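Let me begin by presenting the structure, written as structure tokens, before commenting on it.
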Number of protein chains: 2
Amino acid sequence: MDTAIGARPGAGRVTIADVARAAGVSIPTVSKVINQRDGVAQGTILRVQEVVEQLGYETSLVARSLRSSRTGVVGILVTEFEPFSTELLRGVSGATTGTGYELLAYAGLVTGAEQKGWERRSLSRLSGTLIDGAIVVTPSTALSASSIPVVAIDPHTGPEGHATVDSDNEGGAVQAVEHLVALGHTRIAHLRGRPDLASAQLREAGYRRALVAAGLDVDESLVQDGGYQEDRSAEVALALLSGPDRPTAVFAANDSSAVGVLRSAAALGLRVPEDLSVVGFDDVPQAATTTPPLTTVAQPLVELGSHAVEMLLAMLRGDQTSDHVRLPTTLRVRQSTGPVPTPDR
Amino acid sequence: MDTAIGARPGAGRVTIADVARAAGVSIPTVSKVINQRDGVAQGTILRVQEVVEQLGYETSLVARSLRSSRTGVVGILVTEFEPFSTELLRGVSGATTGTGYELLAYAGLVTGAEQKGWERRSLSRLSGTLIDGAIVVTPSTALSASSIPVVAIDPHTGPEGHATVDSDNEGGAVQAVEHLVALGHTRIAHLRGRPDLASAQLREAGYRRALVAAGLDVDESLVQDGGYQEDRSAEVALALLSGPDRPTAVFAANDSSAVGVLRSAAALGLRVPEDLSVVGFDDVPQAATTTPPLTTVAQPLVELGSHAVEMLLAMLRGDQTSDHVRLPTTLRVRQSTGPVPTPDR
DNA sequence: CTGTTAGCGCCTTCAA
DNA sequence: TTGAAGGCGCTAACAG
């Protein structure tokens, strides 16, 4: 089925050279046909196209990238694929469909100490070449001097040198705490998120603001670090809930942390919400599958992703675009929160 | 088009040549230091490393890929990022973490007619160069002669030329239908999935087998195509449920289809589960967030992804590995199914 | 209209 | 121990 000439069965990729040889033309001619540039005879075009079809040739993204600056691919960079980033991914995917761009999601998958600066590394690895623009999720540092347009979702704290998409973190936190206060809770703990992210700081600020507004003191011993991580939060919660004067409610900085709290509560024999109320943040789909289903502050994750794409595409077109978008949050009351328990004694 | 202004050379990527110049050595020397090959003086190594650090140099994935065959990146290819593929992605991500590989998820984002063969195209674009191995999700065709190791999740029907991971589709379908039969349903419709996928065929086979086993006839008018798609399924369901002798239960080939059915049922004023029972397949996290929460056949999606990675990594190591893994499915009963309604008349 | 020449950024001989 | 030369697959300028 292959023309006898270069196409050994089982050999690697078919390259543009294979096509050129089989079609009896030069390599640049094939390139022109493929990229639909004019200056090629109709007959040649047809012959080349036929060979391309027959050999199943497809241009190498890599080689093309190296040569020409535009690739028609946008990238989204994440540390790993977990519920938060995959929800964003859905939004990004939906908004990119039909734009002519393809989508490349890249996970550095680094752990521990190397984590810091992962996005700069990944961006360097891919930019200038593979992707035309990038969306970076929860960057651990500001990515000011990048060679390609960049939009950050849930950005780093500090000065922003680039476009940014986030949601009303502080307002969401206030809603969460007000909800708990309305249920009669006064000892409300907070598990902080990643300290380098603006979202975590704003959620803590909202927590404090709502407590003060309700005339409650902030007990600093009830404010602990969960790092947005389930395991870490579970550990911290274990200590927090084993103490003598334990909180009756926990506002976790995200859903993962809340799941950690739920786990520790279960381990300690505390019933949720009878003995302990728990509120999360994000409203990842998994929040509805916990036992009990989690009350949480919903971020419009899919919209966050699609807005980021729209901004990025505008930047790629060279259009003017706002460099900051903030979307609203809403409290989603499920079954992990209830009235403050009556004291045991 | 590039923006005319931002493209000044100084602002672009830092290349190996920049490092070499700054360190006062030649390019190959820098290359050796970076790739930790020996044959470089200790002093030179340190100097180069310092410059690398200082300039924030990171080797271009693209350029390296083009030259050397190994990249340390595995790819997962999907048509788009939706709940099914993102759950797999989570599994893939988790299993890849700590292996030293990075993860590249690629979505062709093609629609309509071009869809067919997307994976061959994407694979060609990336393989031989960018990625060392690939996981392909729901391929629309057999990918026999690929130049890199490939594992398919939820494969195409027909002869398999490569490793494959799937779950017990037929058994799951049987469980779903048995559940409905046990509730007293006799008019059970089925919305088929993508006809090119083995999973869809097996789910239909299971549906038919369970009906026959229960002594029920298969009413062919109740078997319709949903294509695994929500919108398509909603349309079909609308017709199906508007008819005179409508089914009292629907077994949808996946959760997306089931959501479509739920939508149409709501539009028709049918209560679920009082008037109509609905069962899905997959147990995507979103299945718990529907109204009412969806009874569905759970596939271990995360495990499917992690098994695929393990097989792929084994292949990359050159180890012997089984070329087929099948995982069990379990019925997850939520609130979209109930006893057969008493006739209206 | 077509082919030749030159790289893109990097890595790999091989010679100095 | 270091550097010069060549080439991965492709595309952009030019030359024929």
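Proteins come first, then strands; the chains are lettered A, B, ... in the order of their sequence lines, and each starts at number 1. Keep in mind the model is a prediction, meaning the values are calculated, not measured.
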Using a strict threshold of under 4.0 Å (side-chain N to carboxylate O), is an ion pair present between B:E102 and A:R125?
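Yes, A:R125 and B:E102 are salt-bridged.
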Basic-acidic side-chain contact under 4.0 Å: B:R90, B:E87
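Result for this pair is yes, salt bridge flagged.
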If you assign each of A:T15 and B:T29 to its closest nucleotide in DNA chain D, which residue comes earlier from the 5' end?
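Closer to the 5' end of DNA chain D: B:T29.
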Using the closest heavy atom to pick a nucleotide of DNA chain D for each, name whichever of B:K32 or A:P28 lands nearer the 5' end.
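Nearest-nucleotide comparison on DNA chain D picks B:K32.
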Give [X] one of three labels, base, sugar-phosphate or nothing, depending on what nucleic acid heavy atoms sit under 4.0 Å from its own.
X     : value
B:V25 : sugar-phosphate
A:I27 : base
B:R37 : sugar-phosphate

Are [X] and [Y] side-chain neighbours, meaning at least one heavy-atom pair lies under 4.5 Å?
X      : Y      : result
A:V73  : A:D132 : no
B:D166 : B:H324 : yes
A:I153 : A:V136 : no

Output the rounded distance in Å from [atom1] ([X]) to [atom2] ([N]).
X      : N      : atom1 : atom2 : value
A:I16  : C:dT2  : CD1   : C1'   : 14 Å
B:I34  : C:dC11 : CD1   : P     : 6 Å
A:L126 : C:dG9  : CG    : C1'   : 15 Å
B:E58  : C:dG9  : CD    : C1'   : 14 Å

If you apply the rule side-chain hydrogen bond (donor to acceptor under 3.5 Å, both in side chains), what do you find for A:Y57 with A:T15, and how did you get there?
CA-CA 7 Å; A:Y57 169 75; A:T15 75; over 6 Å; no
How long is the straight-line distance from CZ of A:R194 back to CD of A:Q229, given to the nearest 0.5 Å?
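That separation rounds to 8.5 Å.
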Distance check, rounded to the nearest 0.5 Å: A:R64 atom CZ versus A:I34 atom CD1?
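With rounding to 0.5 Å, CZ (A:R64) is 8.0 Å from CD1 (A:I34).
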Within the structure, does a side-chain N or O atom of B:R64 lie under 4.0 Å from either OP1 or OP2 of C:dC11?
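Yes.
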Contact under 4.0 Å: B:S60 side-chain N or O vs C:dC8 OP1/OP2:
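Negative; the distance criterion is not met.
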State whether the side chain of B:T86 and the backbone N or O of B:E82 hold a donor-acceptor pair below 3.5 Å, judged by distance alone.
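Looks like yes, one N/O pair under 3.5 Å.
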At a heavy-atom distance below 4.0 Å, which nucleotide of DNA chain D is the first touched by chain B, and which is the last?
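Reading along DNA chain D, I get D:dT1 to D:dG9.
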Contiguous Watson-Crick or G-U pair runs (3 or more, under 3.5 Å) in DNA chain D
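Counting only runs of 3 or more consecutive pairs, the stems involving DNA chain D are C:3-16 with D:1-14.
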